[in-house]
Participant: 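Sharing a structure, written as structure tokens. Questions coming.
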2 protein chains.
Amino acid sequence: MVGDVLSKACSYGLRAVISLAMRQESSYQPIRELSTTLGISFHFLTKILQQLTDAGILVSQKGPKGGVALAVDASRVSVYDIVIAIDGSGAFTACILGLPGCGSRVPCPLHEQWAEERLRIEAMMKEESIDGLAHEVSSRRLRLGP
Amino acid sequence: MVGDVLSKACSYGLRAVISLAMRQESSYQPIRELSTTLGISFHFLTKILQQLTDAGILVSQKGPKGGVALAVDASRVSVYDIVIAIDGSGAFTACILGLPGCGSRVPCPLHEQWAEERLRIEAMMKEESIDGLAHEVSSRRLRLGP
DNA sequence: CGTATTTCGGACTCTGTTGTCTTAAATTAA
DNA sequence: TTAATTTAAGACAACAGAGTCCGAAATACG
Ligand code: SF4
Ligand code: SF4
């Protein structure tokens, strides 16, 4: 669909990581649990979280008592980190008109306006920590799933 | 691709309409000309411009000397109008986490931050007129195609 | 050791968008 | 009227993102 700044994979990943950050126990959480509570396909979520594991954001453990867990403190992980790990930098360099080979030289007529919004979104995502969002969800009883 | 706030169809339509607004002559411009100068597939562009014709933004004329032309003054058409005509309102209501059935009640933890950016983008697109952009392209020799 | 559990890895299908092609309808001009 | 041109309309192929499925590797536990 149009209007997707983030891929589904990325928003799924975000929801899972926030969910992990809300967890009290220090044990691994099985992906199956995450997928059922968040209402996301298990196999799909597995692949997404593998990317986050590769990126060093999560650690995983196979076998019984296994699962995934945050590799670093949730306060050190931003929304931006997750987006970069899953969607890559494209989300912050993508263009409105998508002209071929378009940087800032010989720009399209919407470049300045769009670049400003794009920067604001990037700054917002860098600002928001997974830890902060997890606390928001807990204290204000917000939603992460259906 | 991710990061696409606008579909390809929509950005093609925008480029074509701006291109039309730069035209001096009051005659119809064949879609074939537009497609070659902009580097867009003729048949694809045809379908997109048909949508704009249906939306009352363009008028079309079949046969020799035919083509498309702006239906109203370019100063009266905004980027927003084009986006709505082609991509629909989804671009301005789409969600970061895309939770099912999510309005503003029981929001996700990013709702406020995202809603603000979304509103800014919508306002920016309403502010920018096709006429203004066309003049920018002319005076500053900006790009609309390859 | 053997078994159950869980992540890992790849192959596959499904779906919506993008792009191509063919034919029909309208219009102009000779 | 006939021919050339151009949009209109729809069928179809190609592609990418999303989602499914199956088997392999690792690990805990009896
Ligand atoms: S000028 Fe800027 S916004 Fe426009 S297409 Fe190029 S990079 Fe994108
Ligand atoms: S809370 Fe707002 S931003 Fe988050 S998913 Fe719902 S509507 Fe979208």
Side-chain angles (χ1 to χ4, degrees), chain A residues 1-16 20 27-36 38-55 57-71 83 86-88 90-91 94 97-98 100, chain B residues 1-16 20 27-36 38-55 57-71 83 86-88 90-91 94 97-98 100:
Chain A
M1 198 237 307
V2 168
D4 292 350
V5 288
L6 268 43
S7 67
K8 287 227 171 212
C10 191
S11 53
Y12 289 170
L14 263 173
R15 287 163 59 192
L20 276 172
S27 61
Y28 291 105
Q29 180 163 30
I31 299 178
R32 185 124 246 154
E33 284 182 23
L34 280 169
S35 75
T36 53
L38 294 175
I40 301 171
S41 148
F42 166 67
H43 292 286
F44 193 27
L45 186 57
T46 292
K47 280 200 286 198
I48 298 163
L49 297 190
Q50 274 175 37
Q51 292 183 260
L52 295 180
T53 302
D54 292 345
I57 294 171
L58 299 182
V59 286
S60 67
Q61 171 72 20
K62 291 180 184 174
K65 308 270 183 186
V68 291
L70 280 166
V83 174
I86 297 179
D87 279 346
L97 296 192
Chain B
M1 197 237 304
V2 169
D4 291 350
V5 288
L6 267 42
S7 67
K8 285 219 171 214
C10 191
S11 53
Y12 289 170
L14 262 173
R15 288 162 59 192
L20 277 172
S27 59
Y28 291 106
Q29 180 163 28
I31 300 177
R32 187 125 245 153
E33 284 182 23
L34 280 168
S35 76
T36 54
L38 294 176
I40 301 172
S41 149
F42 166 67
H43 292 287
F44 194 29
L45 186 57
T46 292
K47 280 199 286 198
I48 298 163
L49 297 191
Q50 274 174 38
Q51 292 183 260
L52 295 181
T53 302
D54 293 345
I57 294 171
L58 300 181
V59 287
S60 68
Q61 171 73 20
K62 290 182 184 173
K65 308 273 182 183
V68 291
L70 280 165
V83 173
I86 297 178
D87 279 347
L97 296 192

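Reckoned from all heavy atoms, side chains included, excluding hydrogens, waters and symmetry mates. First the proteins, then the strands, lettered A, B, ... as listed; each starts at 1.
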Participant: Identify whether any heavy atom of A:Ile31 sits under 4.0 Å from a base atom; if not, whether one sits that close to sugar-phosphate; answer base, sugar-phosphate or nothing.
Facilitator: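 Sugar-phosphate only.
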Participant: Would you please confirm or rule out a distance under 4.0 Å between OP1 or OP2 of C:dT18 and any side-chain N or O of B:Ser41?
Facilitator: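 Indeed not, no polar side-chain atom of B:Ser41 lies that close.
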Participant: What is the distance from CG of B:Leu6 to P of C:dT17, rounded to the nearest Å?
Facilitator: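 Taking atom P of C:dT17 as the reference, CG of B:Leu6 is at 14 Å.
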Participant: Can you tell me how far C1' of D:dA9 sits from CZ of B:Phe44, to the nearest Å?
Facilitator: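 It is 15 Å, rounded to the nearest whole Å.
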Participant: Distance check needed: D:dT20 C1' versus A:Lys8 NZ, whole Å only.
Facilitator: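 Roughly 16 Å, once rounded to whole Å.
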Participant: Rounded off to whole Å, could you give me the CG-to-P distance for the A:Asp4 and D:dA18 pair?
Facilitator: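 To the nearest whole Å, that distance equals 8 Å.
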Participant: Between B:Gln50 (CD) and C:dA24 (C1'), how many Å, whole number?
Facilitator: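 In whole Å, C:dA24 C1' and B:Gln50 CD are 13 Å from each other.
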Participant: Does a side-chain N or O from A:Gln61 land closer than 4.0 Å to OP1 or OP2 of D:dA28, or not?
Facilitator: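 Affirmative; the distance criterion is met.
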Participant: Could you state the atom-to-atom distance from NZ of A:Lys62 to C1' of C:dA4 in whole Å?
Facilitator: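 One finds 16 Å between C1' of C:dA4 and NZ of A:Lys62, rounded.
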Participant: Can you tell me if A:Ser60 touches the phosphate of C:dC8, counting only side-chain N or O atoms and a distance under 4.0 Å to OP1 or OP2?
Facilitator: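 Indeed, a polar side-chain atom of A:Ser60 lies that close.
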Participant: Round to a whole Å and report the spacing from CG of A:Leu52 to C1' of C:dC8.
Facilitator: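 Distance, rounded to whole Å: 15 Å.
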Participant: Hey, does the side-chain of A:Lys47 have a donor or acceptor N/O within less than 3.5 Å of a partner on the base of D:dT20?
Facilitator: yes
Participant: Whole angstrom is fine here: how far is it from CG in A:Leu45 over to P in D:dG19?
Facilitator: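 That distance rounds to 11 Å.
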Participant: If you assign A:Asp54 and B:Cys10 each to the DNA chain C nucleotide with the nearest heavy atom, which residue ends up on the more 5' nucleotide?
Facilitator: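 Here A:Asp54 is the residue nearer the 5' end.
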Participant: Of A:Pro64 and B:His43, whose closest DNA chain D nucleotide lies nearer the 5' terminus?
Facilitator: B:His43
Participant: Does the side chain of A:Tyr12 get closer than 4.0 angstrom to OP1 or OP2 of D:dG19 through an N or O atom?
Facilitator: yes
